[in-house]
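Worksheet: the structure to be examined is printed underneath.
Because only heavy atoms are used, hydrogens play no part in the values below, and waters and symmetry mates are left out as well, while side chains stay in. Values in this document were obtained by computation on a predicted structure and should not be read as measured data.
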Amino acid sequence: MITFTLLRPEHLDGMTAVENLCFHDPWSRSAFAAELENRAAVYLVAVEEDTNRVVGYAGMWLMVDMANITNVAVHPDWRRLGMARQMLTLLMKIAEEQGMEGITLEVRASNHSAQALYAALGFTALGRRKGYYQDREDAVIMTKMYIKDGGE
């Protein structure tokens, strides 16, 4: 069984291991440790209850009135089980509860499966960032705006 919890220091090694499996230009353990001190950051980790092993994580920054998804990763052995969708849904709920007007992210132009997931969650592609990634691949900017009560 998988549980979702807020990032704590004891998750850093497992989170870094997942990051290294998932990305060609991974964030370092120290970068994730700095996120524990970042008051704008909210990170969820997916933990396998039996082993206490981190099998996924997702994070965002709450920036004035917009949230920005910083990273989403799921261990390759745990993909296609809906874990990324669950973590994103939880982050979107937190963002809305914190008064954010919307949520945005960048995704690799070549990552069509992630783009499809984001679209299914209500995100719309609004633009590109040319050469955004370290390997110079473009990023697609995707955003979801919240409709507030009272027509705001």
Give, for atom [atom1] of [X] and atom [atom2] of [Y], the distance between the pair rounded to the nearest 0.5 Å.
{"X": "Leu7", "Y": "Met15", "atom1": "CG", "atom2": "CE", "answer": "5.0 Å"}
{"X": "Trp61", "Y": "Glu35", "atom1": "CH2", "atom2": "CD", "answer": "5.5 Å"}
{"X": "Glu49", "Y": "Thr51", "atom1": "CD", "atom2": "OG1", "answer": "10.0 Å"}
{"X": "Ser113", "Y": "Asn111", "atom1": "OG", "atom2": "CG", "answer": "4.5 Å"}
{"X": "Ile103", "Y": "Met142", "atom1": "CD1", "atom2": "CE", "answer": "12.0 Å"}

Residues two or more places apart in sequence or in another chain: which of them pass side-chain hydrogen bond (donor to acceptor under 3.5 Å, both in side chains) with [X]?
{"X": "Ser110", "result": "Glu137"}
{"X": "Asn52", "result": "none"}
{"X": "Thr143", "result": "Thr104"}
{"X": "Arg129", "result": "Glu106"}

For [X], all residues meeting salt bridge (charged side-chain N to carboxylate O under 4.0 Å, His left out), sequence neighbours excluded:
{"X": "Glu48", "answer": "none"}
{"X": "Arg128", "answer": "Asp138"}
{"X": "Arg8", "answer": "Glu10"}

(message) Do His11 and Thr5 make a side-chain contact, defined as non-hydrogen atoms from C-beta onward lying under 4.5 Å apart?
(response) yes

(request) Compare all side-chain heavy atoms of Tyr133 with those of Arg108 and state whether any distance is below 4.5 angstrom. (result) yes

(request) Could you list who else is in Met1's hydrophobic cluster, with ILVMFWY side chains joined at under 4.5 Å, directly or through other members? (result) none

Hey, quick one: are [X] and [Y] part of the same hydrophobic cluster, counting side-chain heavy atoms closer than 4.5 Å, chains of contacts allowed?
{"X": "Leu105", "Y": "Ile141", "result": "no"}
{"X": "Val140", "Y": "Tyr132", "result": "no"}
{"X": "Phe123", "Y": "Leu62", "result": "yes"}
{"X": "Val47", "Y": "Leu21", "result": "no"}

Considering non-hydrogen atoms only, spot the tightest contact between [X] and [Y] and give its length.
{"X": "Ala67", "Y": "Met60", "answer": "CB-SD, 4.0 Å"}
{"X": "Ile2", "Y": "Val55", "answer": "CD1-CG2, 3.7 Å"}
{"X": "Ala73", "Y": "Phe23", "answer": "CB-CE1, 3.7 Å"}
{"X": "Ala114", "Y": "Val107", "answer": "CB-CG2, 3.8 Å"}
{"X": "Val54", "Y": "Gly14", "answer": "CB-C, 3.8 Å"}

In a table with atom names and distances, give each donor-acceptor pair under 3.5 Å that connects a side chain of residues 77-92 to protein atoms at least two apart or in another chain.
unit_1	atom_1	unit_2	atom_2	d
Arg79	NE	Val74	O	3.0
Arg79	NH2	Val74	O	3.3
Thr89	OG1	Arg85	O	2.8

(request) Could you pull out all residues at least two apart from Ala31 that satisfy side chain to side chain contact (heavy atoms under 4.5 Å, CB included)? (result) Trp27, Ser28

(message) Going by side chain to side chain contact (heavy atoms under 4.5 Å, CB included), name the residues that satisfy it together with Asp13, two or more places apart in sequence or in a different chain.
(response) Arg29

(message) Determine whether a donor-acceptor pair (N or O, by modelled atom type, separation under 3.5 Å) exists between the side chain of Gln115 and the backbone of Ala109.
(response) yes

(request) Please confirm whether the backbone N or O of Thr124 pairs with a side-chain atom of Lys144, one donor and one acceptor, at under 3.5 Å? (result) no

(request) Only pairs at least two apart or in different chains count here, so list each side chain to side chain donor-acceptor pair (under 3.5 Å) that has a residue in residues 62-71. (result) Tyr43-Thr70, Tyr43-Asn71

(request) Tell me, yes or no, whether the heavy-atom count around Glu37 atom CD, taken from other residues, nucleotides or ligands under 6.0 Å, exceeds 12. (result) no

